[in-house]
Amino acid sequence: MWALLVLIGAAAVSAHLQDLSFDGQKVFRVIPQNDEQVELINSIASNTQVDFWKPDSVTLIRPKMQVDFRVEADKTFEVEDLLKESGVEYRVLIDNLQAALDAQFDSKARTAGHSYEKYNNWETIAAWTADIAAQNPGLVSRSVIGQTYEGRPMYLLKMGKSGPNKKAIFMDCGFHAREWITPAFCQWFVKEALETYGKDSVMTTLLNSLDFYVLPVLNIDGYVYTWTNDRMWRKTRSKNAGSLCIGTDPNRNFNAGWCSIGASKKPCDSTYCGSAPESEKETKALADFIREHLSTIKAYLTIHSYSQLLLFPYSYTYKLPSDYEELNSIASAASKQLATLYNTKYTFGPGATTIYPAAGGSDDWAYDQGIKYAFTFELRDTGRYGFMLPESQIKPTCEETLLAVKYIANYVLEHLY
Ligand code: 9B3
Ligand code: ZN
Ligand code: ZN
Ligand code: ZN
């Protein structure tokens with residue numbers, strides 16, 4: 001009898017492990033005004049278990065920057081006390097992370113299995129890639145560009161009407177595991193393209209004249225881990241020699257000023273750049289695919305969250321790209337398009353000055369490979385829910401982002417030759 005009770009208790013605990021572990025946790029937003037206040041945040045970070053949401057690592061913090069970080073339940077008093085005493089400008093962004101976690105699954109669509117308006121786990125997304133290809137044989141095909149560290153196949157969808165000498169646009173989602181809205185967007189994009197092909201004149205022209213390569217999740221192992229173990233995981237899940245810490249930041253792992261700025265050489269950090277450029281199987285597979293298709297790929301779009309930004313090169317240097325004027329005007333027009341639907345405000349510009357200087361990102365790498373139209377999206381929101389964007393926001397977020405992506409794709413099509 002007691003053994004049975006213990007068993008039931010253990011099952012109940014493990015089923016709610018993720019929920020329980022976020023109860024009482026808070027997310028603070030601090031805006032340090034000077035180096036001294038940056039130092040204070042540094043010292044809090046080194047004395048307490050702090051998870052940086054924005055920027056993604058303590059090393060990226062500069063004065064006047066919005067800094068969002070998550071604090072364990074038993075440290076929230078201590079941290080808030082320190083902030084109060086120091087006089088630094090701060091507010092509690094998320095009072096109880098558990099509430100935000102619950103809000104995340106607020107979709108009214110109570111369907112089991114795949115839904116475009118819910119967060120789908122990897123198993124469901126993988127099955128969806130097979131279904132969507134099987135159901136649209138004239139428009140979609142599926143391939144595998146590699147295997148993840150844990151051995152999962154990396155599915156890539158190719159979408160477009162077949163024709164000779166077609167140029168292509170490459171888009172990926174799910175670089176960072178916790179940025180759940182991004183795989184949702186890649187799925188939405190595929191759905192909308194297929195639904196509106198033959199109806200919407202712009203989409204019809206796009207698919208007739210271009211191919212879209214869509215990689216719904218790059219960092220599959222990390223994404224799986226956010227569903228099973230830690231909702232806030234960011235990196236890959238590879239082992240690091242000589243360290244107990246797991247994972248590399250895939251968006252610091254490309255050969256673009258690799259690990260020179262805004263990235264960490266320490267395997268325990270969330271922006272660890274890896275042991276070498278393309279040390280991760282996932283980034284290597286992506287880079288190999290793009291290198292093999294350099295003559296056709298004319299645009300590279302990579303989808304992240306959160307902050308509502310549209311970024312373009314460079315992030316690894318303050319030097320402006322030679323196509324700065326053109327990229328800036330595209331980003332401006334795309335942001336304007338995006339805002340027409342719900343008035344969502346995006347900020348745009350080169351990564352280094354718009355978000356933070358950081359090396360090893362895929363957009364900078366693609367640009368230096370000669371893919372002129374290289375953009376990083378940082379989707380909704382600006383911090384109310386952060387990575388835990390409620391499911392009720394999937395549809396509006398995806399619809400508005402679609403407008404920006406369509407704008408860029410159409411621009412690329414009109415400037416092919
Ligand atoms: C970072 C870099 Cl290094 C880049 N080249 N482009 C965009 C970003 C921002 C994302 C990141 O990896 O930190 C936002 Se989550
Ligand atoms: Zn729609
Ligand atoms: Zn990201
Ligand atoms: Zn981000």
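Quick caveat, the model's predicted, so the values are computed rather than measured. All values below were derived from every heavy atom in this structure, side-chain atoms included, with hydrogens, water molecules and symmetry-related copies excluded. When a residue number appears, it is its place in the shown sequence, counting from 1. Start at 1 and go down the list; that is how both ligands and their atoms are numbered.
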Closer than 4.0 angstrom, basic N to acidic O: yes or no for R178 and D56?
yes
Check this for me - ligand 1, R252, N or O atoms closer than 3.5 angstrom, yes or no?
yes
What part of Y316 sits under 4.0 Å from ligand 1 if we count only heavy atoms: the side chain, the backbone, both or neither?
neither
I'd like to check which ligand 1 atoms, numbered from 1 as shown, lie under 4.0 Å from a non-hydrogen atom of H304.
15 (Se)
In this structure, which one of K166, K167, K298 forms a salt bridge (Lys or Arg N to Asp or Glu O under 4.0 Å) with D211?
K166
Considering only protein heavy atoms, which is closest to atom 13 (O) of ligand 1, and at what distance to one decimal place?
Y356 OH, 2.5 Å
With atoms numbered from 1 as shown, which atoms in ligand 1 lie under 4.0 angstrom from a non-hydrogen atom of E179?
15 (Se)
Between R237 and E282, is there a side-chain N and carboxylate O pair less than 4.0 Å apart?
no
NZ (K284) with more than 12 external heavy atoms under 6.0 Å
no
Closer than 4.0 Å to some heavy atom of R234 - which atoms of ligand 1 meet that?
11 (C), 12 (O), 13 (O), 15 (Se)
Would you check whether E378 has a nitrogen or oxygen atom less than 3.5 angstrom from a nitrogen or oxygen atom of ligand 1?
no
Tell me whether the Zn ion (ligand 3) has E378 as a neighbour, meaning an N, O or S atom of it below 2.8 Å.
no
Is D288 salt-bridged to R291, going by a charged N under 4.0 Å from an acidic O?
yes
Would a line drawn from the ring center of F212 to the ring center of F189 be shorter than 6.0 Å?
yes
Does any N, O or S atom in S305 come within less than 2.8 Å of the Zn ion (ligand 4)?
yes
Does an N or O anywhere in D363 fall below 3.5 Å from an N or O of ligand 1?
yes
Atoms in ligand 1 flagged as close to A358, the criterion being non-hydrogen separation under 4.0 Å
3 (Cl)
Which atoms of ligand 1 have any heavy atom of T376 under 4.0 Å away?
6 (N), 7 (C)
On the 0 to 90° scale, with breaks at 30° and 60°, tag the Y90-F28 ring pair as parallel, tilted or perpendicular.
tilted
Polar side chain donor-acceptor pair, W365 to Y316, under 3.5 angstrom
no
Among N251, I355, D364, which one puts a heavy atom closest to atom 1 (C) of ligand 1?
N251
To the nearest 10°, how many degrees is the angle H176 ND1 to the Zn ion (ligand 3) to H304 ND1?
100°
Would you call E89 and R29 a salt bridge, taking side-chain N to carboxylate O under 4.0 Å as the test?
no
